[in-house]
Amino acid sequence: MKETHEKLQKGILKPSENLELKIKKIEENEGKIHAFINIYLEEARKRAEELDKKEKKGKLYGLVIAVKDNIAVKGMKMTCASKMLENYLPPYNASVIEKIIEEDGIIIGKTNMDEFACGSDTTHSAFQTTRNPTDLNKVPGGSSGGSAAAVKAGFCDLALGSDTGGSIRCPASFCKTFGFKPSYGSISRYGLADMAMSLDQIGVFSEDVYGIQLLFNIIKGDDARDAVTTTQKQSTTKNKVAIVKEFFENCDKKIEESVREKIKKLNAEEISIPSLKYALPTYYLLVYSEFASTMQKYDGLKYGSKGKPGDLTETVSSARSENFGLEVKRRILLGTYITSKDYREAWYVTTLKARSAIKSEIEEKLKEYDYLLGPTMPMEAWNIGEKGEPTQMYAADILTVPINIAGLSAISIPLKNGGLQVIASQGDDDKLLKFAEGLEK
Amino acid sequence: MEIDKQTMKRISETSRIKLSEKEEETLTKDLNNILSFFSEIKKLELDKGEEYYIGRKKSKQRKDEPENRKEESEEIVKAFNSEEDRYLLAPKSL
């Protein structure tokens, strides 16, 4: 989208013209793809008209941006793809949205996702299934499937997603586009409906690294309203990269070939990170624990879908049982169980210790190498409805979850087969994006 | 079987999620499958401490100064499912 950005900045292309190009694509194909839960064309057109007349152009002037429906945009519904929040209107803009508006970006609508981010293929939305623009019978990946599909289908220039265990990188790989998950703490989560607060990060989709860099540089930064944000320090350059042996276990052969071909000239050293074998259980057990906790706020009283009349327990319980999908319920029940007094030590505390072990092993390697390389996903996009059983779906996250466990920075670069995942230390976002630029050609 | 019928009833009560008989059955099976799928983590020899922080080791603080957010507070009250005099009305506890 570099070309579009430059044309807008130079005044060759007007914001309203850019918007109409996107709307045309939406009219042609959204009926088949279902990327959006809610689109706001009238509001977008009004904003574009205002921008047309503006003299001083912000850095995102006239660019059309789609936003995952778990990020608050005032005036637009925020459903998190759940019946619980079907008609919820957030009373404020997320920090990232404030920044986008300030820089003259045009927000066109809210994209589909797995309900409360519980999924890896966007088939767990309460409202609709998004289809992969590269093959309509396939899933777009998840949980930010709508955002990835919107970018790939040309419905927008850029899109925001969130990534807890691969929810940006997976759809980027499946939809054959670029998806970036910055280091934990790089982007404020104020206004993001959290899934697992020690793992979540907001990130960006674009058809090129230029777009990722552009939007990332605007939305990143310290925010008093998100206590974990910090100005990240860049690590020293080691001039060495590594490819991780464990990443190729159970990987589709064609994807492995594509990855190895792409990185041929980098002279990557092959290394092993044995504790990765425990990354998947560690990740999911952490998610269940934190998710159960954060979902307590949905009681149908303060906002959201109401429960049946009755006493407090009945009202709250019915609101939750009627408005949460099956996967959401599974995760809440599991989280409640493994953090309860009798089982906490065996499950939750063990998980925290496993996290320490995995995190320190990866960090050790990143003291020696600038980047760790491997495939983003061990398989290509599956058919819609194919992975119905939870553990089948969980297993697909095996290559993306270690990054969130350690709070690292990672990007998925589309390849002929699958995607290349490049991983860097926490704090090395700019360095990573610069490196990704080099790999783009 | 790690989670039995009794335990499931207790978990669903604690989570404030009312389950039908059928859901209870399906979910009990699901949860047991999932825990067994992840049970290898218990084999890990761990001498490390528990990791709670990913990045900042020290909590950030802000000044305790009031902000004027009247517009937002109006929207928040509008979203209450039951309201009286700007108070959220909740049903009785018992």
Side-chain angles (χ1 to χ4, degrees), chain A residues 88-89 91-92 183-185 198-199 224 227-230 277-278 280-282 284-285 292 296 299-304 306 309-318 320-321 324 326 329-330 332-334 336-337 340 346 349-357 359-360 390-391 394 406-407 426, chain B residues 2-3 7-8 10-20 23 26-28 30-31 33-56 59-63 69 71-82 88-94:
Chain A
Y88 176 65
L89 280 165
Y92 64 105
S183 313
Y184 187 78
S198 76
L199 298 160
V228 308
T229 54
T230 182
K277 140 172 211 220
Y278 298 101
L280 199 68
T282 304
Y284 271 103
L285 295 167
Q296 284 174 16
D299 54 18
L301 299 172
K302 305 181 288 290
Y303 49 78
K306 285 165 90 148
D311 70 19
L312 185 63
T313 305
E314 278 164 14
T315 303
V316 170
S317 299
S318 63
R320 290 160 68 83
S321 45
F324 285 155
L326 202 54
K329 286 181 183 167
R330 272 189 205 111
I332 293 174
L333 294 167
L334 274 163
T336 305
Y337 176 72
S340 65
V349 176
T350 303
T351 303
L352 292 175
K353 292 181 178 172
R355 180 177 206 165
S356 286
K359 184 168 182 282
S360 48
T391 54
Y394 296 162
Q426 187 171 21
Chain B
E2 175 140 3
I3 300 178
T7 308
M8 183 52 108
R10 231 179 342 119
I11 308 171
S12 67
E13 212 183 288
T14 309
S15 315
R16 294 290 185 266
I17 297 177
K18 195 175 148 104
L19 297 174
S20 67
E23 273 182 315
T26 312
L27 287 169
T28 306
D30 282 348
L31 264 53
N33 280 339
I34 293 167
L35 286 178
S36 136
F37 184 67
F38 290 138
S39 62
E40 64 182 308
I41 198 174
K42 291 181 167 179
K43 294 194 204 130
L44 198 52
E45 294 276 315
L46 294 164
D47 56 355
K48 296 253 178 212
E50 295 132 44
E51 185 71 57
Y52 286 108
Y53 298 104
I54 311 304
R56 293 192 85 89
S59 201
K60 203 163 47 166
Q61 292 183 318
R62 57 174 174 77
K63 285 191 159 60
R69 299 170 83 167
E71 202 194 306
E72 268 173 43
S73 68
E74 292 300 329
E75 305 268 331
I76 291 170
V77 173
K78 251 200 277 179
F80 289 166
N81 273 323
S82 192
L88 169 65
L89 277 185
K92 278 196 184 156
S93 217
L94 214 136

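Heavy-atom basis, side chains included; hydrogens, waters and symmetry copies ignored. Quick note on labels: first sequence line is chain A, next is B, and so on, each numbered from 1. Quick caveat, the model's predicted, so the values are computed rather than measured.
Within the 3.5 Å criterion, the main-chain N or O of A:Gly300 finds a donor-acceptor partner in the side chain of B:Asn81. No side-chain donor-acceptor contact under 3.5 Å links B:Arg16 to the backbone of A:Glu314.
Between atom CD of residue B:Glu13 and atom OG1 of residue A:Thr313 there is a gap of 8.0 Å, rounded to the nearest 0.5 Å.
A:Gly310 approaches B:Pro91 most closely through the heavy-atom pair O-CB, 3.3 Å. Taking both residues in full, the closest heavy atoms of B:Ala90 and A:Leu312 are given as CB-CD1, 4.3 Å, listed atom of the first, atom of the second, then distance. Across A:Pro91 and B:Glu75, no two heavy atoms sit closer than the pair CB-CB, 3.5 Å. Residues B:Lys42 and A:Ala346 approach most closely at CE-O, 4.0 Å, considering heavy atoms. Of all the heavy atoms in B:Ser12 and A:Leu333, the pair that sits closest is CA-CD2, 3.7 Å.
We find that B:Lys92 and A:Asp311 are not joined by a salt bridge, their nearest charged nitrogen and carboxylate oxygen being 4.0 Å or further apart.
Heavy atoms closer than 4.5 Å to chain A are found in the side chain of B:Glu71, but not in its backbone. If you measure heavy-atom distances from B:Thr26 to chain A, you find no contacts under 4.5 Å at all. Both the backbone and the side chain of B:Leu35 come within less than 4.5 Å of a heavy atom of chain A. Contact annotation for A:Ser340: neither backbone nor side-chain heavy atoms come within less than 4.5 Å of a heavy atom of chain B. B:Glu74 does not touch chain A: none of its heavy atoms, backbone or side chain, sits under 4.5 Å away. Residue A:Leu285 touches chain B through its side chain alone, counting heavy-atom pairs closer than 4.5 Å. When heavy atoms are compared at a cutoff of 4.5 Å, B:Phe80 approaches chain A by way of both its backbone and its side chain. Interface remark: A:Ser183 contributes no atoms to any contact with chain B (heavy atom separation under 4.5 Å). In this structure, chain A has a heavy atom under 4.5 Å from the side chain of B:Leu27, while its backbone stays farther away.
Considering only heavy atoms from C-beta on, A:Ile332 stays 4.5 Å or farther from B:Ile11 through its side chain.
Of the listed residues (A:Tyr284, A:Tyr337, A:Tyr394), the greatest number of heavy-atom pairs within a distance under 4.5 Å of chain B belongs to A:Tyr337. Highest contact tally toward chain B, considering only A:Leu199, A:Thr315, A:Val316, A:Thr336, is held by A:Thr336 [criterion: heavy-atom pairs under 4.5 Å]. Here A:Pro281 is the residue among A:Ala292, A:Gly304, A:Pro281 with the most heavy-atom pairs under 4.5 Å with chain B.
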